[in-house]
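Notes for the one structure printed next.
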Amino acid sequence: MGFSTDAIHVGQEPDPATGAIIVPIYQTSTYVQEELGKNKGYEYARTANPTRSALERNLACLENGAYAYAFASGMAAINVLMTLLKAGDHVVASQNLYGGSFRLFERVLKDFGLNFSYANTSRLDEVERMIQPRTRLLYVETPTNPVMEITDIAAAASLAHSRGLLLAVDNTFMSPYFQRPLELGADFVLHSTTKYLNGHSDGVGGVIVLNDQAIAERLKFLQNAAGAILGPFDCWLILRGVKTLAVRMRQHDANGRAIAQFLASHPKVRKVHYPGLPTHAQHELARRQMKGFGGMIAFDTGSLENAKAVLRSVRLCSLAESLGGVETLISHPATMTHASVPAEDRERLGITEGLVRISAGIEDVEDLIADLDQALGRISS
Ligand code: P1T
């Protein structure tokens, strides 16, 4: 079936008890057993919940994977992925990651004996040079948050597999509508479902999707053993959000392209990071690998002063962390999402003090452009 048909139907058969067309929110912690050792497939809600099972079946299908596991947040999903590894293991990760992922690696997991190196993963020769005897995982965000660097997923998978590594791709920025990493050879795809999958800025969550049965069994074990599961109401919100993922993503993409073009031609804007612009260093790869360019744009205003002027002046765009909701959000990566990245690394990665990030929503794009135009007009220099 097509993407939208799957999004609306997979995992969501009418409720067998009542015929309800929408999967109920099974707000329960436990399930009554008929007798010792006899139950209806559910024993305790950390281990399994029917609303969560429906979501996991749905998201596995949309990413064209066999198994999905939902977690309490994107960070909880990434954390569980890393607990597949053992002390002494080494990970090569994209040098530009969501600041929270970098913080988890550097300030939590290092203390448990995992080692991390950071490469420009759009340059696979750089990745290859960092592989060590104990390297187990290549961890890639593509496009990266916030400077929108693209990694060639198929080439990264070939390199990883030729060296005995697994490849994980954080697909949060594209959603499965625009990019399906498992089809390109990745072993794991991760999402902060908080973003496009939920789509309405009203719930935090995460998911891991994969094909390998043995690793899936271990992940299911870890989901239950470590316990950072997604609650039934949040699962239900994502199921509801995903039904409109395709139409929302088409509009995010259309608005993203129009805003990026507007910014690229604006005299107060120094640089625009958007894979849909022909000036983007990996524009051709983006066209090949993704079915759209999405709604995430970063642009450089030249200074902290200028960024502040824009962020202070916007009226329709909301100054907030997060992304992927129907409303347009605008943020300052250096002091918000990427504050935990050391200042010298930020500068080197292009996360300058003047960088502003936009998550284009699905409002009327003329209104968004008019808002940005008047805000950019407040820059004095
Ligand atoms: O916020 P949470 O659901 O825990 O997801 C973390 C996460 C993981 N991966 C990527 C690519 C992300 O962008 C995020 C969260 N990002 C933001 C909150 C943000 O504003 O960029």
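Numbers here simply count residues along the sequence, with the first being 1. Read the numbers this way: they start at 1 and go in the same order the structure lists the ligands and their atoms. Everything numeric in this text was worked out from a predicted model, so none of it was measured. Every heavy atom of this structure was used, including side-chain atoms; hydrogens, water molecules and symmetry mates were not.
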Once you restrict both partners to nitrogen or oxygen, which atoms of ligand 1 have a protein partner under 3.5 Å, and how far apart are they?
residue, atom, partner, partner atom, Å
ligand 1, 3 (O), G74, N, 2.9
ligand 1, 3 (O), S192, OG, 2.8
ligand 1, 3 (O), T194, OG1, 2.6
ligand 1, 4 (O), G74, N, 3.1
ligand 1, 4 (O), M75, N, 2.9
ligand 1, 5 (O), S192, OG, 3.1
ligand 1, 9 (N), D170, OD2, 2.7
ligand 1, 13 (O), N145, ND2, 3.0
ligand 1, 16 (N), K195, NZ, 3.3
ligand 1, 20 (O), S322, N, 2.7
ligand 1, 20 (O), R357, NH2, 2.8
ligand 1, 21 (O), N145, ND2, 2.9
ligand 1, 21 (O), R357, NH1, 2.8
ligand 1, 21 (O), R357, NH2, 3.3

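Not counting sequence neighbours, Y44 has no partner by the ring-ring contact (aromatic ring centres under 6.0 Å, His included) test. Under the rule for a salt bridge (Lys or Arg N to Asp or Glu O under 4.0 Å), E363 has no partner lying at least two apart in sequence or in another chain. Residues meeting the salt bridge (Lys or Arg N to Asp or Glu O under 4.0 Å) test with R46, sequence neighbours left out: none.
Tested against L210, the residues D187, L166, I215 include a single side-chain contact (heavy atoms from CB on, under 4.5 Å) partner, I215.
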Go through S94 and T121 one step at a time and tell me if the side-chain hydrogen bond (donor to acceptor under 3.5 Å, both in side chains) criterion holds.
CA-CA 5 Å; S94 298; T121 51; 2.9 Å; yes
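Atom CZ of R287 has 12 or fewer neighbouring heavy atoms from other residues, nucleotides or ligands inside a 6.0 Å radius.
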